[in-house]
Protein chains: 2
Amino acid sequence: MTATDELIDRYIAAWNETDPNLRRDLIARTWRADGSYLDPVMAGDGVEGIDAMIAGVQARFPGFVMRRVGEVDAHNDRVRFGWALGPDGGEPVVGGTDFGVTDGERLAAITGFIDFAPA
Amino acid sequence: MTATDELIDRYIAAWNETDPNLRRDLIARTWRADGSYLDPVMAGDGVEGIDAMIAGVQARFPGFVMRRVGEVDAHNDRVRFGWALGPDGGEPVVGGTDFGVTDGERLAAITGFIDFAPA
């Protein structure tokens, strides 16, 4: 497992961590302080902004779990990977592909795209 | 056809333009002056750097044509699209997904990822 694989595992784990203190610590270890997230329906800037964004998704979709789908594909300081979100143990409801830029240790930016979603 | 669709069409057209003057003009209309391209095997910075990179690929794979595959998927100032490269009229040899950031009019950055390539 590469350092980038571990970074993306921490990123996914942060989406699933519902303890506020643990989630914030995980985000701070995973993201640069000036990191940013952007997808078609939400955005978060900095550790606090990303934490608030994830807390909002958790509140809206209680019991949902984010999973990585497929391999992490990385080159230079760039990365992409698939993900799916749905009820724990159930079929995913939404899935997509995230593109990221890292600083070698932490995430600088993630852009999310949706691959499938409810009609 | 959206402005982003047209931008990506110009981007693809630049890869296929073998007249040096026309290609450079197309790149200058498509990319910001400080635009940058990065994939697992090559990189180009600025209009001159991107032009030299594309000229190198054209010299190495004469007669090959780049095509867009599928729809352009855009949100905010971000875009992704598939592409394939191969002999004109033949099966593609290499294909991938490009992820880009625009300034609303021109490309600021493209990161290429490979989806299939010769073993």
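Just so we're on the same page: letters track the sequence lines, and every chain starts at 1.
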Test side chain to side chain contact (heavy atoms under 4.5 Å, CB included) applied to A:P62 - qualifying residues, sequence neighbours left out
none
If two hydrophobic side chains count as joined below 4.5 Å and joins carry through other members, does B:V47 share a cluster with B:I8?
yes
Check each atom of A:V41 against the heavy atoms of chain B and say whether the ones under 4.5 Å are side chain, backbone, both or neither.
neither
Produce the donor-acceptor pair table for chain B versus chain A, cut-off under 3.5 Å.
unit_1: B:D39; atom_1: O; unit_2: A:N76; atom_2: ND2; d: 3.3
unit_1: B:H75; atom_1: NE2; unit_2: A:G112; atom_2: O; d: 2.7
unit_1: B:N76; atom_1: ND2; unit_2: A:D39; atom_2: O; d: 3.3
unit_1: B:R78; atom_1: NH1; unit_2: A:T111; atom_2: OG1; d: 2.5
unit_1: B:R80; atom_1: NH1; unit_2: A:D115; atom_2: OD1; d: 2.8
unit_1: B:R80; atom_1: NH2; unit_2: A:I114; atom_2: O; d: 3.0
unit_1: B:R80; atom_1: NH2; unit_2: A:D115; atom_2: OD1; d: 2.7
unit_1: B:T111; atom_1: OG1; unit_2: A:R78; atom_2: NH1; d: 2.5
unit_1: B:G112; atom_1: O; unit_2: A:H75; atom_2: NE2; d: 2.7
unit_1: B:I114; atom_1: O; unit_2: A:R80; atom_2: NH2; d: 3.0
unit_1: B:D115; atom_1: OD1; unit_2: A:R80; atom_2: NH1; d: 2.8
unit_1: B:D115; atom_1: OD1; unit_2: A:R80; atom_2: NH2; d: 2.7

Spell out, yes or no, whether A:L38 and A:I54 are grouped together once hydrophobic residues are joined by side-chain heavy atoms under 4.5 Å, including indirect joins.
no
Quick check: is B:I50 connected to B:V101 through a chain of hydrophobic side chains (ILVMFWY, heavy atoms under 4.5 Å apart)?
no
Between B:M66 and B:L22, is there a shared hydrophobic cluster once you connect ILVMFWY residues whose side-chain heavy atoms come closer than 4.5 Å?
no
Applying a strict under-4.5 Å side-chain criterion to I, L, V, M, F, W and Y, I'd like to know whether B:L85 and B:V69 cluster together.
no
How are the rings of A:F99 and B:F99 set to each other: parallel, tilted or perpendicular (split at 30° and 60°)?
parallel
